[in-house]
Amino acid sequence: MSLDVQLVGTTTQMAVVTLRPGQVVYAEAGKFLFSSGDVVMETKLTAPGEKGGEGGLGGLLRGAVGAGKRVLAGESFAFQHFSTPGGDGLLGLAGVLPGEMRHLELDGSTTWFAEKDAFVAAEAGVRFDIAFSGLGQGLMGGEGFILERFTGRGSLLIAGAGDFIDLNPADYGGTVRVDTGCIVAWDDGVEYSVETVGRLNRQGIMSAVFGGEGLTLATLRGNGRVILQSVTIEGFAKALAKNAVKPDQQGLGAIGGLFSGSRG
């Protein structure tokens with residue numbers, strides 16, 4: 001039985017899940033918003049069906065190893081498990097940044113990859129793991145070389161920043177070049193790599209220094225689904241830092257606010 005999910009909102013979305021008896025959803029800590037009183041919440045080191053976290057010291061160590069892998073991927077140390085023992089229950093979940101969400105349905109034959117922090121929640125039949133994009137690609141791309149990998153069968157909820165667009169590289173000659181920070185997720189029909197922008201000549205250096213994209217772009221090739229976001233986390237953080245008023249600059253900030261129209 002598929003998970004009953006309703007995505008509410010536009011660019012600041014939440015997922016409202018109707019839990020049926022027997023269904024289990026697990027989420028990263030910090031993605032929970034609300035639930036009805038009949039929903040049971042438990043915190044565990046493992047996802048449903050994984051070995052570890054129980055069964056003595058050995059199980060605890062296996063659970064800790066799995067939790068450590070998730071921390072490397074930018075996720076929380078533990079999962080929150082949600083279920084309802086009686087009738088239907090209501091559960092609200094969301095990402096941590098203003099943006100969209102996607103409800104993906106895994107059929108057991110397709111693998112999905114996502115950038116770190118994209119995972120929100122999944123059904124018990126979906127397995128969370130990490131994958132490596134390669135140390136060189138991670139260092140070049142600036143987004144890290146550890147990815148999230150999802151296999152199995154069931155519903156998967158992911159989130160990102162800003163608006164989403166779904167693309168298939170096959171519709172555009174088989175290749176799409178993307179700012180590395182714009183990628184949210186892609187399926188295993190798509191090959192991901194990081195490549196340099198142009199040559200190291202005058203124009204290449206101009207593009208890297210003044211174009212705002214640095215020396216590299218992500219290249220996505222193949223025939224599959226790619227989900228991109230309109231706001232990069234790095235760009236969002238820079239915008240917040242640029243407009244933040246430090247304690248020793250409050251006077252200057254107030255003066256600036258008069259000219260910018262800000263009443264903050």
Side-chain angles (χ1 to χ4, degrees), residues 69-75 95 97 99-102 104 106-120 122 126-152 156-238:
K69 291 167 62 178
R70 292 193 299 274
V71 171
L72 286 176
E75 301 296 342
L97 293 173
E100 285 199 55
M101 298 184 67
R102 278 291 186 274
L104 305 176
L106 276 65
D107 60 5
S109 62
T110 302
T111 298
W112 274 88
F113 297 92
E115 293 288 352
K116 60 182 181 180
D117 301 323
F119 174 66
V120 175
V126 176
R127 176 179 170 81
F128 174 100
D129 204 348
I130 65 170
F132 297 91
S133 65
L135 180 59
Q137 290 190 168
L139 293 176
M140 287 173 62
E143 299 299 315
F145 61 96
I146 298 176
L147 306 171
E148 299 172 346
R149 179 172 59 198
F150 303 96
T151 55
L156 168 65
L157 296 173
I158 59 174
D163 293 306
F164 281 4
I165 184 171
D166 294 62
L167 298 175
N168 185 343
D171 296 333
Y172 303 92
T175 301
V176 177
R177 303 174 75 192
V178 186
D179 183 303
T180 54
C182 288
I183 302 174
V184 180
W186 65 96
D187 67 30
D188 56 4
V190 175
E191 178 186 348
Y192 167 88
S193 62
V194 178
E195 299 179 2
T196 57
V197 180
R199 300 178 178 178
L200 290 179
N201 52 23
R202 180 177 180 276
Q203 182 56 49
I205 294 173
M206 287 286 288
S207 298
V209 175
F210 300 108
E213 306 303 328
L215 289 169
T216 60
L217 288 175
T219 301
L220 301 165
R221 296 185 176 91
N223 183 10
R225 185 177 173 188
V226 176
I227 302 173
L228 306 178
Q229 61 188 7
S230 63
V231 177
T232 69
I233 296 179
E234 180 183 8
F236 185 67
K238 286 182 177 178

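Heavy-atom basis, side chains included; hydrogens, waters and symmetry copies ignored.
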Engineer: So how far is it from M101 CE to L157 CG, rounded to the nearest 0.5 Å?
Structural biologist: 5.0 Å

Engineer: Restricting to side-chain contact (heavy atoms from CB on, under 4.5 Å), what partner residues turn up for A218, sequence neighbours left out?
Structural biologist: T180, I183, Y192

Engineer: Any chance you could lay out the side chain to side chain contact (heavy atoms under 4.5 Å, CB included) test for L147 and E115, step after step, and finish with the verdict?
Structural biologist: CA-CA 5 Å; L147 306 171; E115 293 288 352; 3.7 Å; yes

Engineer: Does the pair L228 and V178 meet the rule for a side chain to side chain contact (heavy atoms under 4.5 Å, CB included), with working shown?
Structural biologist: CA-CA 9 Å; L228 306 178; V178 186; 3.9 Å; yes

Engineer: Return all side-chain donor-acceptor pairs below 3.5 angstrom for residues 158-169, not counting sequence neighbours, or 'none' if the list is empty.
Structural biologist:
residue, atom, partner, partner atom, Å
D166, OD1, R102, NE, 3.2
D166, OD1, R102, NH2, 2.5
D166, OD2, R225, NE, 2.8
D166, OD2, R225, NH2, 2.9
N168, OD1, A170, N, 3.0
N168, OD1, G224, N, 3.0
N168, ND2, N223, OD1, 2.8

Engineer: What are the two closest non-hydrogen atoms of T219 and R177, and how far apart are they?
Structural biologist: OG1-CG, 4.4 Å

Engineer: Quick one: side-chain contact (heavy atoms from CB on, under 4.5 Å) partners of T110, sequence neighbours excluded?
Structural biologist: D107, W112, D187, D188

Engineer: Rounded to the nearest 0.5 Å, how far does OG1 of T175 lie from CG of L220?
Structural biologist: 9.0 Å

Engineer: Look up atom OG1 in T151 and atom CZ in F113, then write down how far apart they are to the nearest 0.5 Å.
Structural biologist: 9.5 Å

Engineer: Side chain of E148, backbone of D117: donor and acceptor closer than 3.5 Å?
Structural biologist: yes

Engineer: Considering only heavy atoms from C-beta outward, does the side chain of R221 approach that of S193 to under 4.5 Å?
Structural biologist: yes

Engineer: Kindly indicate whether the side chain of T111, heavy atoms from C-beta on, has any atom under 4.5 Å from the side chain of R149.
Structural biologist: yes

